[in-house]
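See structure below.
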Amino acid sequence: MRTERPEHLSDDGDRSARRAVTVFPVLVLLAGALGLLFPGGFTGWSESVPYLLGVVMFCMGITMTPEDFRGVAKRPWAVALGLVAHYVIMPGLGWAVAHVLDLPPQLAAGVILVGCAPSGTASNVVTYLARGDVALSVSVATVSTLVAPLVTPPLTLLLAGEYLPVDAGSMVTDILKTVLLPVLAGLAVRLLAGRYVERVLPVLPWLSAMTISVIVAVVVAGSADAIKSAAAMVFLAVVLHNGLGLALGYGAGRLGRLGEPASRAMAFEVGMQNSGLAASLATAHFSPLAALPAAVFSVWHNVSGAVTAAWLSRRGR
């Protein structure tokens, strides 16, 4: 749910960003309830999930500018630290949570897959609301997304392979098709038709939110029968995974002496995941049940991110 450069938001943009972050979890929650109550209405929709994710990633790509990449070159140490922290802390936490809670194989693989995904698509907006370093947030999110085809599959194989068979090669292909190519296509459109793109930028966060909500509805509908027995365990796993990720991400920034604003950015870049990608991959490579942690994460990390951002913002004042 990426938006136009948050550091340049006007008062109207500020209100729009807050509204998007507030409404998004509600939309996802309603979509999940719809999938749970009327699973038959989404029969046969699972094959559309990768295409829906492609729409979200295209929206992300179309909001990118060359400045995002120049930001990486200006602060290589901070971006590298954010990237390493993201792909070490969250996958490791996913594996640890799965072991500590003794999750069933399908759910364990799903939790780990969420941890191996790139940064969440709303992380830069939440960083802005927390008065964090938005430029660093955008840079880390951009790089973590671009390297996902090379990092997510082998990490999933390493950590989730003990639970379920993982076809890392096929997963690389899927991430290239559903993440990297749509992002690059969006970036190309922005570069070639930037003047026209500016007019539709305010709509993109809502298009992304609606699309992710549909993904959640489809995922929940696919495992509706198993949710009642596993819901409490999955929710606990997600809360632990996300909460520890936010805390350790902030701690990594402080340990790296990046300063308070950058540490806040690190918290959200580590603790917020691209759960839409995780849900898509879990559905395609494991099962609808394995996608359940990603569906719950889609709701919870936006709620926890918004609450944490509000607390940090007040503390900053």
Side-chain angles (χ1 to χ4, degrees), residues 1-10 12-14 16-17 19-21 23-24 27 47-74 79 83 117-128 134-152 172-215 269 272-281 284 298 302:
M1 197 180 61
R2 191 176 164 97
T3 68
E4 179 61 346
R5 304 282 69 76
E7 61 268 34
H8 296 158
L9 284 176
S10 63
D12 289 341
D14 189 354
S16 177
R19 196 178 303 122
V21 171
V23 174
F24 181 47
L27 287 176
E47 294 182 0
S48 67
V49 169
Y51 300 100
L52 293 170
L53 178 63
V55 172
V56 177
M57 302 316 298
F58 177 80
C59 290
M60 178 180 179
I62 211 171
T63 64
M64 289 182 176
T65 67
E67 186 61 33
D68 294 346
F69 300 94
R70 284 194 286 269
V72 176
K74 290 176 183 175
V79 175
L83 191 65
S119 295
T121 53
S123 58
N124 62 332
V125 178
V126 177
T127 298
Y128 165 73
V134 179
L136 177 61
S137 174
V138 171
S139 295
V140 174
T142 299
V143 177
S144 74
T145 300
L146 294 179
V147 304
L150 300 176
V151 179
T152 297
V172 168
T173 303
D174 283 351
I175 298 177
L176 285 172
K177 290 189 297 186
T178 60
V179 175
L180 191 59
L181 289 181
V183 167
L184 294 178
L187 178 60
V189 170
R190 179 64 180 268
L191 292 174
L192 295 174
R195 185 172 56 183
Y196 302 101
V197 169
E198 296 285 343
R199 301 174 184 174
V200 300
L201 283 176
V203 179
L204 296 182
W206 299 104
L207 176 59
S208 296
M210 293 298 296
T211 306
I212 292 175
S213 298
V214 174
I215 292 174
E269 288 309 318
M272 299 184 71
Q273 300 294 93
N274 189 334
S275 44
L277 172 61
S280 174
L281 293 176
S298 292
N302 284 284

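Throughout, numbering of the chain's residues begins at 1 and tracks the sequence.
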Run the numbers on Thr178 and Met57 for side-chain contact (heavy atoms from CB on, under 4.5 Å), then give the verdict.
CA-CA 7 Å; Thr178 60; Met57 302 316 298; over 6 Å; no
Looking at Thr211, Val183, Val189, Leu207, which hits side-chain contact (heavy atoms from CB on, under 4.5 Å) with Phe58?
Val189
Identify the two heavy atoms, one from [X] and one from [Y], that lie closest to each other, and give their separation to 0.1 Å.
{"X": "Leu53", "Y": "Gly276", "value": "CD1-C, 3.8 Å"}
{"X": "Ser298", "Y": "Ser275", "value": "OG-OG, 2.8 Å"}
{"X": "Pro50", "Y": "Ser280", "value": "CA-OG, 3.7 Å"}

Gap between atom CG of Leu136 and atom CG of Asn124 - 0.5 Å precision
11.5 Å
How long is the gap from CG on Leu83 to CD on Glu269, to the nearest 0.5 Å?
10.5 Å
Under the side-chain contact (heavy atoms from CB on, under 4.5 Å) test, residues paired with Thr173 that sit two or more places apart
Lys177
Sorted by chain and number, sequence neighbours left out, side-chain contact (heavy atoms from CB on, under 4.5 Å) with Ser139 holds for Val72, Val79
Kindly list each side-chain donor-acceptor pair under 3.5 angstrom involving residues 145-152, sequence neighbours excluded, with atom names and distances?
unit_1 : atom_1 : unit_2 : atom_2 : d
Thr145 : OG1    : Ala141 : O      : 2.8
Thr152 : OG1    : Cys116 : O      : 2.7
Thr152 : OG1    : Ala148 : O      : 3.4

Is a side-chain N or O of Ser123 found less than 3.5 angstrom from the main chain of Ser119, in a donor-acceptor match?
no
Verify, without hydrogens or angle tests, whether Gln273 (side chain) and Ala117 (backbone) share a donor-acceptor contact under 3.5 angstrom.
yes
Within the 4.5 Å heavy-atom criterion, are Leu187 and Ile62 side-chain neighbours or not?
no
Checking side-chain contact (heavy atoms from CB on, under 4.5 Å) for the pair Leu281/Ile175: CA distance, chi angles, key distance, verdict?
CA-CA 8 Å; Leu281 293 176; Ile175 298 177; 4.0 Å; yes
